[in-house]
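This is a predicted model, so every value here is computed, not measured. Throughout, protein chains are lettered first and strands after them, A, B, ... in sequence-line order, and every chain is numbered starting at 1.
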2 protein chains.
Amino acid sequence: MPDVTAPAARPARERVLDAYTDLLERRGERAATLDAVARAAGVSKGGLLYHFATKHALEAGLLARLDTLVTADLAAMRTAPEGPVEHFLRSSASDDTPFDRTLRAVARLSQSSDAARQALADVNTRWLAQIRDAVGDDDLARTILLISDGIYYGSALLREQGDPTAGPGAREIDAAVRVIRRLAGNEGDGADGSRGSLAARAD
Amino acid sequence: MPDVTAPAARPARERVLDAYTDLLERRGERAATLDAVARAAGVSKGGLLYHFATKHALEAGLLARLDTLVTADLAAMRTAPEGPVEHFLRSSASDDTPFDRTLRAVARLSQSSDAARQALADVNTRWLAQIRDAVGDDDLARTILLISDGIYYGSALLREQGDPTAGPGAREIDAAVRVIRRLAGNEGDGADGSRGSLAARAD
DNA sequence: GTCTATAGTAAGATAGAC
DNA sequence: GTCTATCTTACTATAGAC
């Protein structure tokens with residue numbers, strides 16, 4: 001059975017994916033060479049290539065990990081105490097969960113990989129469905145997703161290597177949350193959209 | 001005087017920047033090698049290196065071009081007939097102006113270049129200032145910028161090589177414009193950032 | 001399961017002809 | 001201003017020892 005008590009014994013295969021994620025996120029696709037990944041993971045190039053025979057296999061390994069993590073994230077969103085929408089927006093700029101780190105890594109990969117692009121599109125589809133369920137309004141759900149993308153890509157792309165203050169931060173997110181609350185409050189007039197009761201976290 | 005009648009005679013230096021932009025946008029940073037850029041621009045590697053002595057100089061050339069184009073874009077925004085905000089959002093996903101193409105190229109570069117990241121941050125700062133002027137509300141201005149980033153990075157990063165229908169499209173943008181109009185309709189009272197009727201509906 | 005050594009290729013950059 | 005070599009380094013991947 002797996003040893004849950006010794007996190008230091010993290011298997012080499014996992015350490016390789018961790019290192020690949022970290023390099024992609026912090027230094028970009030070009031820097032994430034087999035050599036650099038192996039060094040960062042504390043294995044040799046040959047050792048890395050035992051677990052992932054080609055660079056393409058390494059990428060596929062990362063996408064598989066993303067798929068696992070997104071499923072867990074959707075479940076967390078559904079049960080968040082602050083409501084799914086605010087949870088979703090605030091977690092868009094979080095930088096220390098494995099899920100967010102993996103997502104940023106895959107976003108960087110997506111610039112030259114169709115498979116990575118497709119994986120991101122799938123994540124977005126799953127998010128949209130769940131937010132639409134939460135707010136009961138398609139326009140608003142799509143807009144919330146765009147805001148999240150703005151926060152997310154901003155924090156993914158504008159972030160300086162060591163400086164977490166660059167890119168969108170608490171200030172932007174607070175602004176967006178306030179704006180969406182205004183909308184939630186503005187919904188009762190049955191304007192032109194097609195929803196009914198918009199309960200983002202409402203009552 | 002410059003020859004305005006012969007666009008075919010576009011100087012090699014410009015063709016190199018065009019080709020670099022195109023490769024970055026369509027195939028990513030890793031594909032934009034000196035060799036590939038030279039080939040796409042119709043010059044030899046030596047020819048390219050006459051105009052840009054190093055790869056870093058090529059990148060700097062692209063950032064300088066972006067700076068010129070953003071200034072022109074801000075001016076166009078100010079005088080847009082549909083108003084600056086809607087103009088801004090709709091142009092976030094446009095894909096055929098030199099400005100948008102350059103911006104997407106620089107976004108891809110920003111994954112491994114501090115200078116490119118800084119250039120994008122500067123563009124955002126200039127946009128924010130102008131939108132804040134237009135809507136007179138800091139929260140709303142920042143939110144609009146995030147929506148735009150969502151549209152923009154989505155169209156930049158999720159777009160398939162040859163398929164312009166992937167990523168955010170007219171549907172998302174229309175949704176966002178409708179949502180912002182709801183807000184605008186709700187704006188008539190008290191015009192600073194901290195008052196009552198728009199506030200937090202939540203508790 | 002992990003290592004060292006190395007083959008083969010492609011990258012950024014230089015030198016010098018035209 | 002643009003070209004054709006060519007140098008050097010770094011990348012992906014393979015082979016075979018331990």
Side-chain angles (χ1 to χ4, degrees), chain A residues 1-3 6-24 26-63 65 105 108-109 111-116, chain B residues 2-3 6-24 26-65 105 108-109 111-116:
Chain A
M1 62 178 86
D3 182 357
R10 189 160 175 81
R13 204 191 119 99
E14 297 304 304
R15 291 201 326 268
V16 167
L17 285 179
D18 294 347
Y20 186 41
T21 301
D22 193 60
L23 276 166
L24 281 173
R26 297 214 334 253
R27 302 193 38 221
E29 202 189 355
R30 253 167 106 195
T33 66
L34 295 184
D35 228 330
V37 171
R39 217 175 315 119
V43 295
S44 70
K45 215 192 289 194
L48 186 161
L49 287 164
Y50 169 78
H51 295 288
F52 303 98
T54 65
K55 205 171 189 203
H56 182 258
L58 179 58
E59 184 190 313
L62 189 65
L63 298 186
R65 179 185 265 190
R108 301 217 145 167
L109 221 39
Q111 95 172 214
S112 65
S113 157
D114 284 338
Chain B
D3 183 357
R10 189 162 174 78
R13 204 191 119 99
E14 298 304 304
R15 293 204 321 270
V16 167
L17 286 179
D18 295 346
Y20 186 41
T21 301
D22 193 60
L23 276 165
L24 281 172
R26 298 215 332 254
R27 302 192 37 221
E29 202 188 355
R30 250 167 104 195
T33 65
L34 294 185
D35 230 330
V37 171
R39 217 176 313 118
V43 295
S44 69
K45 215 194 285 195
L48 186 160
L49 288 164
Y50 169 77
H51 294 288
F52 302 98
T54 66
K55 201 164 194 208
H56 182 258
L58 179 58
E59 184 191 312
L62 190 64
L63 298 186
R65 180 185 263 191
R108 300 217 147 169
L109 221 39
Q111 96 173 200
S112 65
S113 156
D114 284 338

What pair of heavy atoms forms the shortest contact from [X] to [Y], and how long is it?
X        : Y        : value
Leu48(B) : Ala38(B) : CD1-N, 3.7 Å
Arg30(A) : Arg30(B) : CG-CG, 3.7 Å
Ala12(A) : His51(A) : CB-NE2, 3.8 Å
Ala32(B) : Leu24(B) : CB-CD2, 3.8 Å
Leu23(B) : Ala40(B) : CD1-CB, 4.3 Å

Expressed in angstrom and rounded to an integer, what is the separation of Leu34(A) atom CG from dT12(D) atom C1'? 6 Å
Starting from P on dT4(D), measure out to CG on Asp35(B) and report it in whole angstrom.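 So the two atoms are 12 Å apart, to the nearest Å.
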Set of side chain to side chain contact (heavy atoms under 4.5 Å, CB included) partners for Ala31(A), sequence neighbours left out: Arg27(A)
Check side chain to side chain contact (heavy atoms under 4.5 Å, CB included) between Ala57(B) and all other residues, then give those that pass, not counting sequence neighbours.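 Side chain to side chain contact (heavy atoms under 4.5 Å, CB included) list for Ala57(B), sorted by chain: Phe52(B), Thr54(B).
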Any residue of residues 51-59 of chain A with a heavy atom less than 4.0 Å from an atom of DNA chain C: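 When residues 51-59 of chain A is checked for heavy atoms under 4.0 Å from DNA chain C, the hits, listed by number, are His51(A).
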Using a 4.0 Å cut-off on heavy atoms, which residues in residues 37-49 of chain B reach DNA chain C? List them by number, or say none.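 Contacting residues: Lys45(B), Leu49(B).
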So which one's nearest nucleotide on DNA chain D is more toward 5', Ala36(A) or Arg13(B)? Arg13(B)
Side chains of Asp18(B) and Arg65(B), heavy atoms from C-beta outward: is any pair under 4.5 Å? yes
Check the pair Leu58(B), Leu17(B) against side-chain contact (heavy atoms from CB on, under 4.5 Å), reporting the backbone distance first and the verdict last. CA-CA 8 Å; Leu58(B) 179 58; Leu17(B) 286 179; 4.0 Å; yes
Boundaries of the chain B footprint along DNA chain C (any atom under 4.0 Å from a heavy atom):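 Result: dA11(C) to dT14(C).
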Tell me, which pairs form a salt bridge (Lys or Arg N to Asp or Glu O under 4.0 Å) where one or both residues lie in residues 41-55 of chain B, sequence neighbours left out?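 Found Asp35(B)-Lys45(B).
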